[in-house]
Asks: 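Shown below is the structure under consideration.
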Amino acid sequence: MRDEEMNAPATGTGIAAEMLHWYDRNARDLPWRIPPGDAQTPDPYRIWLSEVMLQQTTVAAVKDYFHRFTARWPTVADLAAADDGAVMGEWAGLGYYARARNLLKCARVVTQAHGGQFPDSYDGLLALPGIGPYTAAAISAIAFDQPETVLDGNVERVMARLYDIHTPLPAAKPALRDRAAQLTPAHRPGDYAQAVMDLGATICTPKSPACGICPLREPCAARQAGTANDLPRKTPKNPKPTRHGTIYLAQRTDGAWLLERRPDKGLLGGMLGWPGSDWGENAVQAPPIDADWVTLPAEVRHTFTHFHLVLTVRYAEVPPETVPRQGVFVAAHDFRPSDLPTVMRKAFDLWRGA
DNA sequence: CAGTCGTGGTC
DNA sequence: TGACCAAGACT
């Protein structure tokens, strides 16, 4: 390499080459990843599953779920054949439950309309349920080594710093996408995509980035300007209101619990939960069944993306013949608290005294 | 387009 | 301790 090139790493090809060089020595060992240099071909099913799980979710949180899903459903056809309730139960605790509903929809489309093979193109992937611009680019790049540009929170942060872009998100997104697209190499685009995301996750972190050991420290404009820690800028978020509600834990004398399957649309859609009131300013609703209700001495507090929730929990033991107005009784041996979304499990733990 | 949609970790 | 944050999608 000529000195001129050595001193001009701010070119697109120079930066991509630097990224790949760094990735070859620093790629994280992840359950869904084929290490750089390995002759194996990625399994599109595993790449797809991991990418959906990783949407707005940390690697640490995903790992165990990924292992359980792939052990129980090794192929997309296996997943397509699964019961809805089994998939929702296995997803419980991971959050953003629309992902699980779309996951199952997608598995069935791929199995029934695509012969069990994922499309290898960005457009083909984008047409599938639960696959948006980021995930379509990620799967086509990582699983099929197509030169698509991934733009996630990591890449946005790396680009904002590398080019010292001060426009706040989400307005800056088109500019950041342009920069990212310019850097995407034709050679090893899958490894490059993972390299940028690894860099954002381990070096170019949101707070206190490790600029000293960053492979892009020389071309990075924000590091030179001293603005790296303040980028990317973001438009401030709205404050979270607090909502209130009441949920009812009814246990039959034979041990069965009164539960309901929540409607597919909306909060915790498709998940199992305790029947109860709506959550609002001052939600009041008749209990789902006539009983001698006891209000637990503590409340459940839980924070969702856009509001805080305070739940009053009431408990009652009811005789076997009682017919509920809401929900269905689930036999004790069929009830697994791990099937519940976290806020519902908190209520159960509160009753149990955990 | 801006609101909706979870959760656990971090500082 | 509360606010921010994470490999976004959907409406």
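Just so you know, these numbers use all the heavy atoms, side chains as well, and skip hydrogens, waters and symmetry mates. A note on names: the letters A, B, ... follow the listed sequences, proteins ahead of strands, and every chain is numbered from 1.
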Asks: Please state whether the phosphate of B/dG6, meaning OP1 or OP2, lies under 4.0 angstrom from any side-chain nitrogen or oxygen of A/H302.
Replies: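 No, A/H302 has no side-chain N/O under 4.0 Å of OP1/OP2 on B/dG6.
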Asks: Does A/R28 make a side-chain donor-acceptor contact with the base of C/dA7, cut-off 3.5 Å?
Replies: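 Donor-acceptor pair under 3.5 Å: yes.
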Asks: Establish whether the base of B/dG6 is bridged to the side chain of A/Y96 by a donor-acceptor pair shorter than 3.5 Å.
Replies: yes
Asks: CZ of A/F307 versus C1' of C/dG2: gap in Å, rounded?
Replies: 17 Å
Asks: Under a 4.5 Å cut-off applied to non-hydrogen side-chain atoms, are A/F329 and A/I289 in contact?
Replies: yes
Asks: Does a side-chain N or O of A/R157 approach OP1 or OP2 of C/dA6 to a distance below 4.0 Å, or not?
Replies: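 For C/dA6, OP1/OP2 do have a side-chain N/O of A/R157 under 4.0 Å.
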Asks: Can a side chain N or O of A/K237 be found less than 4.0 Å away from OP1 or OP2 on B/dT4?
Replies: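 So the side chain of A/K237 is outside the cut-off, no N or O lying under 4.0 Å from OP1 or OP2 of B/dT4.
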Asks: Is there a side-chain contact between A/W32 and A/I142 in this structure, where contact means two heavy atoms from C-beta onward sitting under 4.5 Å apart?
Replies: no
Asks: To the nearest angstrom, how far is A/W279 atom CH2 from B/dC5 atom P?
Replies: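 About 10 Å, once rounded to whole Å.
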Asks: Closest nucleotide of DNA chain C for A/T58 versus for A/L126: which of these residues is on the 5' side?
Replies: A/T58
Asks: Is it the case that A/R99 and A/Q55 place a side-chain donor and acceptor less than 3.5 Å from each other?
Replies: no
Asks: Heavy atoms from C-beta onward define the side chain here; which of C/dG8, C/dC10, C/dA7 lies closest to that of A/Q55?
Replies: C/dG8
Asks: Expressed as a whole number of angstroms, how long is the span from A/Q56:CD to C/dA9:P?
Replies: 9 Å
Asks: Ignoring hydrogens and geometry beyond distance, is the side chain of A/T305 in donor-acceptor contact with the base of B/dG6 at under 3.5 Å?
Replies: yes
Asks: Among the nucleotides C/dA7, B/dT7, C/dA3, which one has an atom lying closest to any side-chain atom of A/H308?
Replies: C/dA3
Asks: Record whether the side chain of A/T342 comes under 3.5 Å of the base of B/dG8 through a donor-acceptor pair of N or O atoms.
Replies: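 Counting by modelled atom types and ignoring angles, no donor-acceptor contact under 3.5 Å is found here.
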Asks: Around atom NE2 of A/H67, are there more than 12 heavy atoms from other residues, nucleotides or ligands closer than 6.0 Å?
Replies: yes
